Amino acid sequence: MRAKIVAGNWKMNKRLEEAEALVFGICQSLKDATIDDAYQLIICPPALYLNTVQDVISEEDRSQIFVGAQNCHEKDAGAFTGEIAAPMLTDLGISHVIIGHSERRSYYGETDELLKAKVENALRNDLSVIFCCGEQLSVREENGHFDLVEKQVRTALFHLSPEQLSNVIIAYEPVWAIGTGVVASPEQAEEMHAHIRQLLTTQFDATLAANTTILYGGSCKPANAEAIFSKPNVDGGLIGGASLKADAFVELYKILREVA
Ligand code: 13P
């Protein structure tokens, strides 16, 4: 069955010492949680801290804590000043990369077509992809959210082989809920996750769809996580603000393990 995951997207936050302290705190808080392969934590720090964060995680903790990048380029190498290539992440032993976060889409003009290329390249370099999709408030108000998410998922993922798709985690992150304190209702999250899973069933098959992890992201925190995580098609969360505090982040993981 599909993995249940709490992933932390630190975005462009934390100074070096704070980053070390945060990952150390996460590992410490996890000490009393028994390891269960069905549940994973993924930490996605700024790229400069990937190695540092990895170094803090002990061999033992590595079976449940993974480290991911927040972005990578669509090409393997070249004259792209300031960019990070997927093979560089693989060389560091990084396992995951977030592709298509709405902040990348809106601030850096990343289109569905570009994201398709990034997904392909990341998978070719043995990275698992956390692919983000989600609508702006104006789209939801016009009732266009199902169609928009379908277009995002279709363009970036539907050309993949079943084997490739098995290395993709989907994160539904309604833009109006990101960093706003406004959280999607459990019903809103569930109906979109069910929609995404149905799209995968139609395009691939029911088994692959059932095995795909679909995370919710957007103002998720310990106070609201239980109701969201207990929905049948919600397999955990992609967490921004609450991933910047060790206790809150690990609490989310514990809630997931209790309810899912
Ligand atoms: P917040 O949890 O801060 O709303 O951010 C969600 C997010 O963008 C995770 O990628």
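Here the structure is a predicted model, which means the values were calculated and not measured. Start at 1 and go down the list; that is how both ligands and their atoms are numbered.
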Under 4.0 Å between a Lys/Arg side-chain N and an Asp/Glu carboxylate O for Arg197 and Asp235?
yes

Where at least one partner belongs to residues 135-151, residue pairs that pass salt bridge (charged side-chain N to carboxylate O under 4.0 Å, His left out), sequence neighbours excluded
Asp112-Lys151, Glu135-Arg140, Glu150-Arg154

Can you pull out every side chain to side chain donor-acceptor pair (under 3.5 Å) where at least one residue sits in residues 69-84? Sequence neighbours excluded, please.
Asn71-Lys118, Asp76-Asn121, Asp76-Arg124, Asp76-Asn125

Can you name the closest pair of heavy atoms from Ala242 and Cys220 and give their distance?
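Where Ala242 meets Cys220 most closely, the heavy atoms are CB-O, 3.6 Å.
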
Side chain to side chain donor-acceptor pair (under 3.5 Å) with Lys116: which residues, sequence neighbours excluded?
none

Are Leu148 and Leu115 connected into the same hydrophobic cluster when the rule is that any two of I, L, V, M, F, W, Y join if their side-chain heavy atoms are below 4.5 Å apart?
no

Which protein residues come within less than 4.0 angstrom of ligand 1, counting heavy atoms only?
Asn9, Lys11, His101, Glu173, Ala177, Ile178, Gly179, Gly218, Ser219, Leu238, Ile239, Gly240, Gly241

